[in-house]
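The next block holds one structure in the form of structure tokens; read it before the comments.
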Amino acid sequence: MEKKEIVSYLMEKDVLVSPELLEKLENVSLDQIKNLSDEELLVYGKDAEQLIGQNLEWKEIDKSKSILEKEGGEKDYTSYVQKKEVKSNSQVNVKFSYNLEPKKRKLKDFVDLFNARYASMEKLLSKRMEISNLTSISRLKNKKDRDNVSLIAMVSEKRTTKNGNLMIVVEDPTGTTNVLVNKNKPELFNEAKDIVLDEVIAVNGVSGDNIIFANTVLWPEVPLTKELKKIDEEVYAVFLSDLHIGSTNFLPKDFDKFLSWMNGEVGNDTQKAVASKIKYAFIVGDLVDGCGIYPGQDEELSIKDINEQYNECARLLKKIPGHVEIIVCPGNHDAMRIAEPQPPLYKDFAGQLYDLPNVTMVSNPAMINIHASENFSGFDVLMYHGYSFDYFVANVDSIRNKGGYDRGDLIMKFLLKRRHLAPTHTSTLYLPQNEDALVINDIPDIFVTGHIHKSIAANYRNVTLISGSCWQSKTDFQEKVGHNPEPSRVPIVNLKTRKVKILRFGGNE
Ligand code: ZN
Ligand code: FE
């Protein structure tokens, strides 16, 4: 009986039901079907039965399935589905997590990657209203001198001329040209000084012979209209990174103090009340110190076996109350390739972490939606460990001069403005995909990173920027390169107010 109702309901919705699906509808109620959004109803076929009634990312599954069908192989798709099944009741939805095994890469893949990146950035840039008279580089040759023109192009060279102006060589799929930024336009000149190689920008200016005299440079940016989402109830999310478990510099006492607080065992009444309202804990990479990450690391390890490092990590994270959803992405110290995007931690090494029922494993980078409900779309959290940060601290004057590693917020702003997590090709090791997985296509509500071992929080156009701290005291290497880590701090966001506090669990704090 119910089957019939389901079919007529689906037909009303213009969804055709295959006989195969019909057979599988045995265990599904009409209510479950009605709870699906129209978009979700587009899923069909043999996997439907096990999926219906669970709060799954249909679109995501469909997408990963079609990618896999193209590239061959069933394994990852199935594991994705299985993983999601376990998490059916949670308010954690993985919007983007890269999970495909690498295939052999060829030079052409890098060409494809650059084309994919250009296409993505062009799409983002062309949404900007300020761009007029858009043309391509090949068409510039037909322009009269002193025409007003705009280009969307990738930066391939940047230098200072004898006269102290900036000369930028840019290219688009049709050719290459020069852009001159005159030092007598101080506001433009200052902004243009931050231009880095391989980034895609829009330039507006006056055309000359194989040159554009720039009047404006535009980046894809975060629109000023981005809303600051809030919820009615007081719920908190905490952000950890860079535990470096296994290192002799790991700070077990501090971490224990944090765990005790999470369990309501320490702190004053207010602090305990806050702890009881934590629903989400993000861990943004470098869970363990790893093995063989740098020469001589062995001497700085208290746990020398990688499995044991992850086991210890699982033992500690198990102490986080079970109702807290833990979301984990890898970093450059974790046991896997460091080329990005990094897949979720390998089960072979981190099996015991996978066994924790409240842990969701995602790739680096990843986009996670939390706390969605019937009438609230949830918060999007972009997780990125931050391997590219070192390059931009070293190469972007405006970041370096304002504090470099002490100003994680400036690095995050820089990347959001460019809508890319590693705009310069050499800023990170990159594994070419069909799509550029490091493009920031959707603007998150919260952007969280790690890697620099210093906590900071800021707001940029209603995106909450958070850098996690670390749980490792200053290492000899950091001493040598002049880093000043601030361990054992925990940024925590009140989702009702979107205010961030940084709590301190350090021995002397
Ligand atoms: Zn680290
Ligand atoms: Fe790191």
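Start at 1 and go down the list; that is how both ligands and their atoms are numbered. These numbers were taken from a predicted model, which means no experiment stands behind them.
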Task: Backbone of Ile293 reached by a side-chain donor or acceptor of Gln297 within 3.5 Å - done: yes
Open item on the list: Does this structure show an ion pair linking Glu435 with Arg117, if we count only N-O contacts that are shorter than 4.0 Å?
Closed with: no
- [ ] Specify which N/O/S atom of Asp286 comes nearest to the Zn ion (ligand 1), by atom name.
- [x] OD2
Open item on the list: I'd like to know if Lys229 and Asp445 make a salt bridge, using a cut-off of under 4.0 Å between side-chain N and carboxylate O.
Closed with: yes
- [ ] Identify, by name, the N, O or S atom of Asp242 lying closest to the Zn ion (ligand 1).
- [x] OD1
TODO: Please check if any side-chain donor atom of Asp194 sits under 3.5 Å from a side-chain acceptor atom of Ser398, or the reverse.
DONE: yes
Task: Distance-only donor-acceptor check, side chains Glu234 and Tyr236, under 3.5 Å - done: yes
TODO: Identify which protein N/O/S atoms are less than 2.8 Å from the Fe ion (ligand 2).
DONE: Asp286 OD2, Asn332 OD1, His385 NE2, His451 ND1
TODO: State whether His244 contributes an N/O/S atom found under 2.8 Å from the Zn ion (ligand 1).
DONE: yes
- [ ] Look up atom CG in Asp355 and atom NZ in Lys347, then write down how far apart they are to the nearest 0.5 Å.
- [x] 8.5 Å
Task: His453: its N/O/S atom lying closest to the Zn ion (ligand 1) (atom name) - done: NE2
Open item on the list: Looking only at side-chain N and O atoms, does His451 offer a donor or acceptor that is under 3.5 Å from a partner on Asp390?
Closed with: yes
- [ ] Please determine, by modelled atom types, if Asn484 and Tyr405 share a side-chain donor-acceptor pair under 3.5 angstrom.
- [x] no
